[in-house]
Amino acid sequence: MANAKVNLFSICIVVVLMQLGTFVVVGKPIVPCYFIFGDSLVDSGNNNELKTAAKANYPPYGIDFPQGVTGRFTNGRTMADVIGELLDFDEYIPTYATVTDQQINRGVNYASGAAGIRDETGSHLGGRISLDRQLHNHYSTVSRLFKLQRNKTFTGEYLQKCIYVVNIGSNDYINNYLKPTFYTTSHMYTTKKYAKVLVRQYSKQLKCLYDLGARKIVVFGLGPVGCTPAEISIFGTDGDSCVESINDAVKQFNDRLKPLVDELNLDNLDAKFTFINLTSISLQQQGLGVLNGPCCQVRADGQCVQNTHICPIRALSIYYDGFHPTDIANTHIATTSFNAVSPMDASPYDISHLIRL
Ligand SMILES: *[C@@H]1O[C@H](CO)[C@@H](O)[C@H](O)[C@H]1NC(C)=O
Ligand SMILES: *[C@@H]1O[C@H](CO)[C@@H](O)[C@H](O)[C@H]1NC(C)=O
């Protein structure tokens, strides 16, 4: 009898330890927490419950992702997912829509497909969480952390150690300026003035992130939007390989964003902002000799047709649909932003240096 009791007891202990093991016995991430802001390039499912055409929670999205369809706008991982792996997080950062009290101290993903720096951006597609709203949601997270951790000093110091990635602005072109029938911006501004107006608003938003305690902030510049299959099919290339007028417009934004990052570093000496040059990183990809067309059959809005036939070897394509990079392209972007190949890729720091500062 006594023996049976002992055995039962030890079995319970083993079961409890095994259950703990699946959560606790894992490598520690390099930083305690990681927050993600942005659009469909880094959205991992925040749009699933929204009424919008800009969602990706259907096949063939997620075909190469361990959990299958999640709302990620790609076949596998986003660039934010891969950065999370390089930071040694054992799980992907949960969406704001689903994050629990147990998970929230590791970080939150606020990103939303079709969202922009400007509030109206993407509205013709339906609901989306603009950058202002994402910052508002982060304010709620910070309040929640202050309550959960019950020590203001501790939470303040904790938030300073996190990595914050912001990847937004493409939709302020794709789903705003370049859609003159839905939006007034191209009637109001030249591309030069628009870049200036966008960067001025972005500047306030990054300052707001700083005010919410962020001190290590990675700001992604815009990639070559004029080289996406969707923009090429809408505007044509006039013999070039990309829509140069779009790349020129986007370049004006990038050329103002990098000096903004330098300025933010000068004005806030206790913070480190860094700029990732997606144009330079993408140029290296073109050199890899991979395919430029979309991997799935695309709808008029550039997203995959549901259950469509897809290319058999995703690793040969840069674009999965009309706009979004494949897992392999995202991996290249993430690893290069983590460990820059050329000084042009990340300035003043790549992410591997930023985490050590
Ligand atoms: C609050 O956190 C700070 C910083 O981690 C620590 O030094 C202090 O002892 C904590 N206070 C309490 C009451 O636990
Ligand atoms: C990004 O890299 C490209 C290619 O190397 C370069 O021409 C461009 O000036 C860079 N942009 C910024 C804002 O530094």
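Remember, it's a predicted structure, so these values are computed and weren't measured experimentally.
For the cysteines Cys311 and Cys295, the sulfur (SG) atoms lie within a distance shorter than 2.5 angstrom of each other.
Although no hydrogens or angles enter the test, the distance criterion places no donor-acceptor pair under 3.5 Å between the side chain of Asn47 and the main chain of Leu50. Without hydrogens or angle criteria, Thr52 side chain to Leu125 main chain gives a donor-acceptor distance under 3.5 Å. When atom types are taken as modelled, the side chain of Lys152 and the backbone of Phe146 share no donor-acceptor pair closer than 3.5 angstrom. A donor-acceptor pair under 3.5 Å is absent between the side-chain atoms of Asp43 and the main chain of Asp39, judged by distance alone. Under a 3.5 Å cut-off, the side chain of Arg128 and the backbone N or O of Asp119 do form a donor-acceptor pair. Although no hydrogens or angles enter the test, the distance criterion places a donor-acceptor pair under 3.5 Å between the side chain of Gln134 and the main chain of Ile129. No side-chain donor-acceptor contact under 3.5 Å links Thr95 to the backbone of Ser44.
Within a 6.0 Å radius of OH in Tyr58, more than 12 heavy atoms belonging to other residues, nucleotides or ligands are found. The neighbour count for Lys179 NZ, taken as heavy atoms of other residues, nucleotides or ligands under 6.0 Å away, is above 12. Around CZ of Arg150, the count of heavy atoms belonging to other residues, nucleotides or ligands within 6.0 Å does not exceed 12. Heavy atoms from other residues, nucleotides or ligands lying under 6.0 Å from CD1 of Ile328 number 12 at most. Within a 6.0 Å radius of CD in Gln160, other residues, nucleotides and ligands contribute more than 12 heavy atoms. No more than 12 heavy atoms of other residues, nucleotides or ligands lie within 6.0 Å of CG in Asp238, so this atom counts as exposed by the packing criterion.
Between His124 and Tyr183, the two ring planes are perpendicular [angle over 60°; tilted spans 30° to 60°]. Ring geometry, Tyr110 versus Tyr96: the interplanar angle falls from 30° to 60°, so the pair is classed tilted.
One hydrophobic cluster holds both Val261 and Ile117 under the rule that ILVMFWY side chains link at heavy-atom gaps under 4.5 Å. Linking ILVMFWY residues whenever their side-chain heavy atoms come closer than 4.5 Å, directly or via other members, places Ile276 and Leu357 in the same cluster.
Pairs passing the side-chain hydrogen bond (donor to acceptor under 3.5 Å, both in side chains) check and including a residue from residues 71-82, sequence neighbours excluded, read Asp64-Asn75, Thr70-Arg72, Arg72-Asp81, Arg77-Glu85, Arg77-Asp327, Arg77-Thr331, Thr78-Asp81.
Within the 4.5 Å cutoff, the side chain of Lys28 has no heavy atoms near those of the Asp88 side chain. Between Tyr164 and His138 the shortest side-chain heavy-atom distance falls below 4.5 Å.
The distance between the ring centers of Phe323 and Phe73 does not fall below 6.0 angstrom. Between Phe89 and Tyr92, the ring center distance fails the sub-6.0 Å criterion.
Here the closest heavy-atom approach between residue Val250 and residue Leu222 is recorded as CG1-CB, 3.5 Å.
Exactly one residue among Ile93, Thr141, Ile163 makes a side-chain contact (heavy atoms from CB on, under 4.5 Å) with Phe35. That residue is Thr141. The only member of Thr185, Asp172, Asn175, Asn171 that meets side chain to side chain donor-acceptor pair (under 3.5 Å) when paired with Thr121 is Asp172. Between Asp132 and the choices Gln205, Lys204, Arg118, the side chain to side chain donor-acceptor pair (under 3.5 Å) rule is met once, by Gln205.
Using modelled atom types and a 3.5 Å distance limit, the side chains of Tyr319 and His324 yield no donor-acceptor pair. Using modelled atom types and a 3.5 Å distance limit, the side chains of Asp345 and Ser280 yield a donor-acceptor pair. Side-chain contact annotation: Tyr210 with Asp270, donor-acceptor N/O pair under 3.5 Å present.
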